[in-house]
Amino acid sequence: MSPARPDYVDVVAVRDDRSAPAGETTVIRLLGLLPGHWTCLPEVRADRIRLRIALDTATDPRVVSSVVGRAMADSGLRGWSCHRD
């Protein structure tokens, strides 16, 4: 029997550069760069953002990682790095 597929993926972004915008501003930009049909639940602090991204039948964790990685390359997110939690 294969393990159950998770219902969500957690992605965490951390502010590496104190001159970068704080999390409250950054999360708006990040969410705007992600597909509009994704359901995301953000948890925001000044130096850390956690997005819980719901998975549906059309999305798998590798796609989420790829899309979030491309979004994080946006110049408006400079000073932030991310990884899956």
Side-chain angles (χ1 to χ4, degrees):
M1 179 159 39
S2 63
R5 179 181 153 135
D7 294 331
Y8 60 86
V9 171
D10 282 341
V11 176
V12 175
V14 178
R15 184 164 62 164
D16 300 319
D17 180 348
R18 297 305 249 176
S19 66
E24 294 83 354
T25 301
T26 301
V27 72
I28 295 167
R29 178 98 182 201
L30 179 56
L31 288 171
L33 292 167
L34 298 178
H37 66 278
W38 283 10
T39 301
C40 301
L41 177 64
E43 177 185 293
V44 183
R45 294 188 220 144
D47 296 325
R48 185 177 188 274
I49 298 166
R50 182 181 69 136
L51 290 181
R52 179 160 280 184
I53 301 170
L55 297 175
D56 59 21
T57 56
T59 307
D60 74 33
R62 293 171 299 207
V63 171
V64 170
S65 293
S66 176
V67 172
V68 171
R70 284 193 305 272
M72 291 301 295
D74 184 85
S75 63
L77 299 177
R78 193 171 293 135
W80 285 81
S81 62
C82 92
H83 62 277
R84 281 185 44 193
D85 199 22

Do Leu41 and Leu30 share a hydrophobic cluster, counting only Ile, Leu, Val, Met, Phe, Trp and Tyr and linking them when any side-chain heavy atoms are less than 4.5 Å apart? no
State plainly whether one hydrophobic cluster holds both Tyr8 and Val64, where clusters connect Ile, Leu, Val, Met, Phe, Trp and Tyr through side-chain heavy atoms under 4.5 angstrom apart. no
Can you name the closest pair of heavy atoms from [X] and [Y] and give their distance?
{"X": "Cys82", "Y": "Ala13", "value": "CB-CA, 3.8 Å"}
{"X": "Gly23", "Y": "Ile49", "value": "O-CD1, 3.8 Å"}
{"X": "Thr26", "Y": "Pro21", "value": "OG1-O, 3.2 Å"}

Hits for side chain to side chain contact (heavy atoms under 4.5 Å, CB included) against Arg70, two or more places apart or cross-chain, chain-then-number order -> Ser66, Val67
Got [X] and [Y] here, is their nearest side-chain heavy-atom distance under 4.5 Å?
{"X": "Arg50", "Y": "Arg45", "value": "no"}
{"X": "Val27", "Y": "Leu51", "value": "yes"}
{"X": "Trp38", "Y": "Val68", "value": "yes"}

Between atom [atom1] of [X] and atom [atom2] of [Y], what is the distance when rounded to the nearest 0.5 Å?
{"X": "Arg78", "Y": "Ser19", "atom1": "CZ", "atom2": "OG", "value": "10.0 Å"}
{"X": "Leu55", "Y": "Thr39", "atom1": "CG", "atom2": "OG1", "value": "10.0 Å"}
{"X": "Ile53", "Y": "Leu31", "atom1": "CD1", "atom2": "CG", "value": "8.5 Å"}

Scan for salt bridge (Lys or Arg N to Asp or Glu O under 4.0 Å) pairs involving residues 12-28, sequence neighbours excluded, and state none if there are none. Arg15-Asp47, Arg18-Asp47
